[in-house]
Number of protein chains: 2
Amino acid sequence: MQTLQSYVLGSWQTGTGGARTLVNPTTGEAIAEAHDSGLDFAAVVRHGREVGGAALRALTFGERGKLLKALSGALHEHREELIDIAVANGGNTRGDAKFDIDGATGTLAAYAHFAKSLPDTPFLLDGDGTQLGRTARFWGQHVRVPRRGVAVHINAFNFPAWGLFEKAACAWLAGVPVIEKPGTPTALLAYRMGQIVVDSGLVPAGAFQLVCGGVGDLLDHLGPQDVVAFTGSAATAARIRANENLVRHNVRLNLEADSINAAILAPDVEAECESYGLFLGNVATDMTQKAGQKCTAVRRILVPADRVDEVKADLVAELARFPQGDPATKGVRCGPVTDERQLADVRGGIERLLEHADVACGGPEPVGDTGCFVQPTLLVARDPRNGAFHDAEVFGPVATILPYSGKVEDAIELTNLGGGGLVCSVYSNDGAWAREFVLGCAPWHGRIWIGSDRMAEQALAPGMVLPASIHGGPGRAGGGEELGALRGLELYLQRTALQGFKGLIEAQFPAPATEEATG
Amino acid sequence: MQTLQSYVLGSWQTGTGGARTLVNPTTGEAIAEAHDSGLDFAAVVRHGREVGGAALRALTFGERGKLLKALSGALHEHREELIDIAVANGGNTRGDAKFDIDGATGTLAAYAHFAKSLPDTPFLLDGDGTQLGRTARFWGQHVRVPRRGVAVHINAFNFPAWGLFEKAACAWLAGVPVIEKPGTPTALLAYRMGQIVVDSGLVPAGAFQLVCGGVGDLLDHLGPQDVVAFTGSAATAARIRANENLVRHNVRLNLEADSINAAILAPDVEAECESYGLFLGNVATDMTQKAGQKCTAVRRILVPADRVDEVKADLVAELARFPQGDPATKGVRCGPVTDERQLADVRGGIERLLEHADVACGGPEPVGDTGCFVQPTLLVARDPRNGAFHDAEVFGPVATILPYSGKVEDAIELTNLGGGGLVCSVYSNDGAWAREFVLGCAPWHGRIWIGSDRMAEQALAPGMVLPASIHGGPGRAGGGEELGALRGLELYLQRTALQGFKGLIEAQFPAPATEEATG
């Protein structure tokens, strides 16, 4: 059985603490173990800041972009091996595994592309300069510069590949070294990708450290220039937010937590519309892809009350096209959840929902004798306003139909009961209806995906996080913001207002010859 | 003796709890009292959200801008009366009072001006749209919309006028109602200005509430759409950041805390330079204006070691031009600190600094028999790296000369020992030196002010917070960001990525006819 190591202080080290076993959730077989620390986290943080930060800042934005591009290629060369690991340790179908792994290499490549618009300067201009005094002689200009700290990334178990590299891509391009902590149950993939990163020699010494196992007292060593970005449960997010050391030093935080995402079928989308087919396909994909373990997956399906029977039948039929089983088997489109703990959580969650809902298909019963399987489960709410559907995320292949009046104001009210989400998807060919929905739901959402006939053939699914659009959401979703093209660098940069003689500022902090730097 | 009331739920109410006395710090005379709460804060929050938020969002950005302009005028009409209150309750000289009061009306007017660039839409576009799919048919566009909550503003005692209205201007223009809590010792000015706001009838019902006295359990009623912006001590900031309810709901926070600001004299600035005179004048102003009780005031003065005797003598001479006394007396340019507690803090702070520094002028000894006076005190550090100078803000008319080598890297190191600041000011006519300093210090500062001969005649002092430049700083300074023209609205807006058919998005969320909306 493999033992995961951590890559810190320039070498691979094995933790000395208690071991945690990583399993194949399809078979229950133990395949690796990770040891809790024994690492000197004070030294790890110092190494990142002093060695890694200096090395990254010595590169231009363009050079850092090239690094991302090369790394994307180096990882892609190992694609087949990485897929096999994701199938074994993550319970991923090959499709699930590609979604994660290609998401990682694709996001690295996207940031390499975004980097091309950045100047070869150690700062970015933020907006235009502006007159501050009674003449333009006293001038103001905002700039952004890399923070002089480390970025600690605490990643979720569901996307060991994408989760690590979408965060690292932004930090590295900004010029900030990373300390990556994968979610332990599925850490084998991140570990192998970490080996590829190290072996590639592409990332400067100190700019990439990987901690497999517990983070021990890592957070207690962070200071004002450091960043913590976390993806995971709301409970852990709250613990991080209240951490005494992080509070004392105003360490910058970005949190992505629970999100009870909604898909909304507007009343104008009839069965014959292309966007109706899109709606069915996207909902079924969200419920089964990664066995529903996606932070962006649909949990609530708002359907006009007079359409519920029709939609229920169509979704049950659609779900039949996503057979469940051993994810290594061709044709299987839904694997197990990640481990026994997740399985117990999901089954318990379904049981709680069932107190207020009826089963359309699936249910909490065990599937088979081995593995962490729970059936794709579609429910129909009895009272769509019941808090059971809006207050707790069941992180598995489960969603509930919530009947609503078909009025946009009711769709808005129900959707926003989620208390803040990463994404909602609305299906309508009625632009005015869509606009009103967007204006009502935008305060509570980081992203709104609008499905319509005209884009049905070309749309990427709402469950997919694209590097050009921000990812994050207010309230329950954690209040964070990642990606969004160059917006994703903001977390790692300090914005500073410069004030002084216009001639001096424009000479020393000139605008790039071509276009605006921080668009 | 006047009793301060709170304006909540559409009427003026007197607190029912214990009373706190407001004094004239020049004479020690009690002039007003404020009672702790007995207010129904759950209802106050609901009133703001439901009544005030809806009313503000019913106005366009342009209409909200006109409201700010009219309010600026309404307050300005009472300028003389307001100055008298600031002199009596704040220990302000007339100059200090104008700095605060004109700062308030000026910031309101500035945001009225910024509003002119905003479209008459209920959203702002954020950046350009972008192709997301394999053709432009699948399109992305970021928008910003007002949060559907209240903004709780907990203001510091040193700027009862400006502190309230610089925050309110941004919230109102964004479309978010405010609950303002002035610092109690000097709340009489905010109270009177609140009366003018209410009597003006300009601000919609529910969009302005004022809490004089303690905030009780106000923070426990906030939720995911609300905002807390705080200015004050690092200790209180840490308590707010760790507040259990705010953590649980990911309430958005903006904190401005301690800042041990530095002024840096570069070696090229000789005595005959215009910028040397500017340096002396600005440092002396910062030490005496508001009796040094400014979050932006200089606390550390970095001087090339071979110039220390010269600068010390010149600064002592400059300070003599700022006589201390009853701030109501013509010619007096430095009043008392705010109250007995501040006086004790400042004297204690000077005594601690004196363990590691020598007196150039002033000292911790009492001044006179009545009032909260402490002398403008200039010190010279024995060891400029001693933590005493970098770790604790002494919030009064006190600053310390720190000798340094004259090398830019030493200036950077010493400046950054402050652990994160709101502003530093550097005086140099050497553009390359200034650039290197800026790049080294920007990660630790929200603003860098560069003094040079060419702008000496036209520059506004570094201690002045201008609405067009961001105000805030990392680390010890709280990690917040306010103002900065339209950047100041970001705290009160939710950024949301829209994804969908390009034609639909562009039709329903069109770019303004003229120019970019969120520059």
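Atom set for the values below is all heavy atoms of this structure, side chains included, hydrogens, waters and symmetry mates excluded. We name chains A, B, ... by the order of the sequence lines, and we start the count at 1 in each one.
Using a 4.5 Å cut-off between heavy atoms, Arg495(B) contacts chain A through both its backbone and its side chain. Residue contact with chain A, scored on non-hydrogen atoms closer than 4.5 Å, is absent for Arg252(B). Residue His142(B) touches chain A through its side chain alone, counting heavy-atom pairs closer than 4.5 Å. Interface remark: Thr135(B) contributes backbone and side-chain atoms alike to the contact with chain A (heavy atom separation under 4.5 Å). Using a 4.5 Å cut-off between heavy atoms, Ala507(B) does not touch chain A at all. With a threshold of 4.5 angstrom between heavy atoms, Ala468(A) approaches chain B through its backbone and through its side chain. In this structure, no portion of Gln141(B) lies under 4.5 Å from any heavy atom of chain A. Looking at Leu504(B), the atoms closer than 4.5 Å to chain A (heavy atoms on both sides) all sit in the side chain, from C-beta outward. Contacts of Arg248(A) with chain B are absent, with no heavy-atom separation under 4.5 Å from either backbone or side chain. Of the atoms belonging to Val145(B), it is side-chain heavy atoms, and not backbone ones, that fall under 4.5 Å from chain A. Looking at Pro467(B), there are no atoms closer than 4.5 Å to chain A (heavy atoms on both sides), in backbone or side chain.
Residues Arg239(B) and Val247(A) fail the side-chain proximity criterion, which asks for heavy atoms closer than 4.5 Å. Side chains of Ser469(A) and Gln499(B) form a contact here, defined as non-hydrogen atoms less than 4.5 Å apart.
Residues Asn250(A) and Arg241(B) have side chains that bring a donor and an acceptor to within less than 3.5 angstrom of each other.
Within the 3.5 Å criterion, the main-chain N or O of Pro443(B) finds a donor-acceptor partner in the side chain of Gln225(A). Checked by atom type and distance alone, the side chain of Arg435(B) pairs as donor or acceptor with a backbone atom of Gln508(A) at under 3.5 Å. Checking side-chain atoms of Thr496(A) against main-chain N and O of Arg447(B) turns up no donor-acceptor pair under 3.5 Å.
To the nearest 0.5 angstrom, Ile450(A) atom CD1 is 11.5 Å from Phe501(B) atom CZ. Taking CZ of Arg134(A) as the start and CG of Leu460(B) as the end, the distance is 9.0 Å to the nearest 0.5 Å. To the nearest 0.5 Å, atoms CD (Gln458(B)) and CZ (Arg137(A)) are separated by 5.5 Å.
When the candidates Gly479(A), Gly500(A), Gly475(A) are compared by the number of heavy-atom contacts under 4.5 Å with chain B, Gly475(A) comes out ahead. Contact count versus chain A (heavy atoms, under 4.5 Å) is highest, among Phe509(B), Trp449(B), Trp444(B), for Trp444(B). Across Pro474(B), Ala242(B), Gly140(B), Cys441(B), the residue that shares the most heavy-atom pairs under 4.5 angstrom with chain A is Pro474(B). Among His445(A), His249(A), Glu244(A), the residue with the largest count of heavy-atom pairs under 4.5 Å with chain B is His445(A). Among Leu498(B), Leu439(B), Leu255(B), Ile448(B), the residue making the largest number of heavy-atom pairs under 4.5 Å with chain A is Ile448(B). With chain A as partner, the option from Val251(B), Thr130(B), Val438(B) having the largest number of non-hydrogen pairs under 4.5 angstrom is Val438(B). Comparing Ala432(B), Gly420(B), Ala234(B) by how many heavy-atom pairs each has under 4.5 Å with chain A, the most go to Ala432(B). Interface check for chain A: of the options Glu481(B), Glu457(B), Arg147(B), the most heavy-atom pairs under 4.5 Å are formed by Glu481(B). No other option in Asn243(A), Ile470(A), Leu132(A) has as many heavy-atom pairs under 4.5 Å with chain B as Ile470(A). When the candidates Pro146(A), Ala238(A), Ala442(A), Pro224(A) are compared by the number of heavy-atom contacts under 4.5 Å with chain B, Ala442(A) comes out ahead.
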* To do: Before giving the answer on side-chain contact (heavy atoms from CB on, under 4.5 Å), spell out for Arg148(A) and Asn416(B) the whole-Å C-alpha distance, their side-chain angles and the decisive distance to 0.1 Å.
  => CA-CA 11 Å; Arg148(A) 300 295 178 95; Asn416(B) 290 345; over 6 Å; no
